[in-house]
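Presented below is the structure to which this report refers.
Every number for a ligand or one of its atoms is a count from 1 in the order of the listing.
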Amino acid sequence: MANLEGRELGDCVLVQYVDKGSFGYVYTARLKDTEAGKTGYRNEIYAAKILSLDNATDRHRELVKREIDILKPLNHPNIVQYKYHVVVDKTACLVMEYCSGGTLYQHIRDLKRDSKVMGEKEFLLTLTQISKGVEFLHDSSIIHRDLKTKNMLYTDDKKVIKIGDFGVARLTDISSKKSVLVGTPYYLSPEILEEKPYDEKTDIWSLGCTCYEMATGSYAFYFDTMETLKEAVCRGKLPESPSISYNDDIQNMIKQMMSKISADRPTIKQILKFLQEPHTYKPRTRKYDPGGQRIERSPSVDSNKYVYPGMDEKTKKSNRKFWEKESERLQKTLIKNLDHYQAPEILVKIKKMQRKGVEKKEIKREFIRLVGDVTCAKLFPLVDAMDCLERGIREFEGPRDLDLSFTGTFNITPKDN
Ligand code: ATP
Ligand code: MG
């Protein structure tokens, strides 16, 4: 595309070339003063993303429209704010907040050039801001799908970081959660690479890769071909970790974000909770050993906790299928016992809340509203157990006299000792 500096597009004039991405060019820009009686351009500097629609394929056009549709209503301090858009002579111009402090990618590489990595304090501050942006997106049912260090932009003084580039973000639509290959591949989650259905947890994977990059100065997964990348990511092995200097809790958190099984990854709310109150964060009962084999932590001794029967050595050995099957069985049991014509819908709603990280007491309130007090008292421990199973937690809190034998097929017994 020719140099467009000085070119007027609708109410916008392009000032200076900034950078290019795989789909477009970015310029600084100014907007016309639309106040009555005024002419000329306002002083504020914006960023304008210019996309040529000349030879645009339908997919290309769709990406532009999608970016506009998604960015328009979003207003959050950690999300790049969209201001204006226009299409002139097959050139689309998207005007947004200008972040002059550069990208997180550049910042990490600048540090690396000086043989440094981001310090722990800066890491925590940066991750908190990015996570708040992601939380806002997930609360708005938007999966970004292209979270990466090049799409995280600093404001002038580098005090605030914002998530940008929604070219491939899209609204969550359960019915069409089939994967399409999008974005820079290094941050793609196993489920996207394997073209399986995905949800918000795909963003958590990418965020995990972003954290890894902040901690080490290098991509978590960097391979020449899609095949080798896919093989490495889907093997479930964590990247060989050059020594990360952050404390163990942070390291574990990063590892959990990069769990191959999406249900094992924390929700964005859990990540924020960890960042705000690290001491209250309960690590999962599982962790990865450095070789990538999943191992169980020995369950803590606590008289109010129940441990799923079958915690023998054999079961403990990462038999994921066994737990998935149990979770499925538990759901069927719940549906049967709910005795409600909308039982599956109720369960889907509750599971969605659990996946979003909604607080247990709020989920319980909703469950009571849907099924009534009596049924809730009887079945809520199962609802909770279902969540625990999905998240890989094998111990459930519950009343000492928890008796679920009425289900016939499902049993939770108090833990010995
Ligand atoms: P890719 O697929 O590589 O992400 P893209 O076509 O989606 O590319 P963008 O990521 O939107 O393009 O922009 C390319 C570059 O322009 C960014 O890496 C960044 O350096 C710069 N840039 C983008 N948006 C802004 C902004 N709002 N403020 C300042 N610089 C920006
Ligand atoms: Mg980009």
| Taking 4.0 angstrom as the limit, do Lys162 and Glu97 come out as a salt bridge? | yes
| Less than 4.0 Å between a side-chain N and a carboxylate O, is that true for Asp165 and Lys49? | yes
| Minimum non-hydrogen distance to atom 26 (C) of ligand 1, winning option of Ala47, Gly24, Gly102, Gly101 | Ala47
| Mind checking whether Lys148 has an N or O less than 3.5 Å away from an N or O of ligand 1? | yes
| field | Nitrogen or oxygen of Asp165 less than 3.5 angstrom from that of ligand 1 | value | yes
| task | Under 4.0 Å, heavy atoms only, figure out whether ligand 1 is touched by the backbone of Met96, its side chain, both or neither. | result | side chain
| Are any of the N or O atoms of Asp19 closer than 3.5 Å to those of ligand 1? | yes
| request: Mind checking whether Glu97 contacts ligand 1 via backbone (N, CA, C, O), side chain (CB onward), both or neither, at a 4.0 Å heavy-atom cut-off? | output: backbone
| task | Give the contacting part of Lys20 toward ligand 1: side chain, backbone, both or neither, where contact means a heavy-atom distance below 4.0 Å. | result | backbone
| field | Side chains of Lys112 and Ser218, donor plus acceptor under 3.5 Å | value | yes
| task | Answer yes or no for Lys162: is there a heavy-atom contact with ligand 1 below 4.0 Å? | result | no
| message | By the definition ring-ring contact (aromatic ring centres under 6.0 Å, His included), identify the one residue from Phe221, Phe223, Tyr222 that meets it with Tyr186. | response | Tyr222
| query | Where does the angle between the aromatic ring planes of Tyr27 and Tyr17 fall among parallel (under 30°), tilted (30 to 60°) and perpendicular (over 60°)? | reply | perpendicular
| task | Check each of Lys356, Lys269, Lys132 against Asp139 using the salt bridge (Lys or Arg N to Asp or Glu O under 4.0 Å) test, and report the only one that passes. | result | Lys269
| Mind checking whether Val26 has an N or O less than 3.5 Å away from an N or O of ligand 1? | no
| field | Passing candidate, salt bridge (Lys or Arg N to Asp or Glu O under 4.0 Å) with Glu191, options Lys260, Lys196, Arg265 | value | Arg265
| task | Report yes or no: does Gly164 have a heavy atom closer than 4.0 Å to ligand 1? | result | no
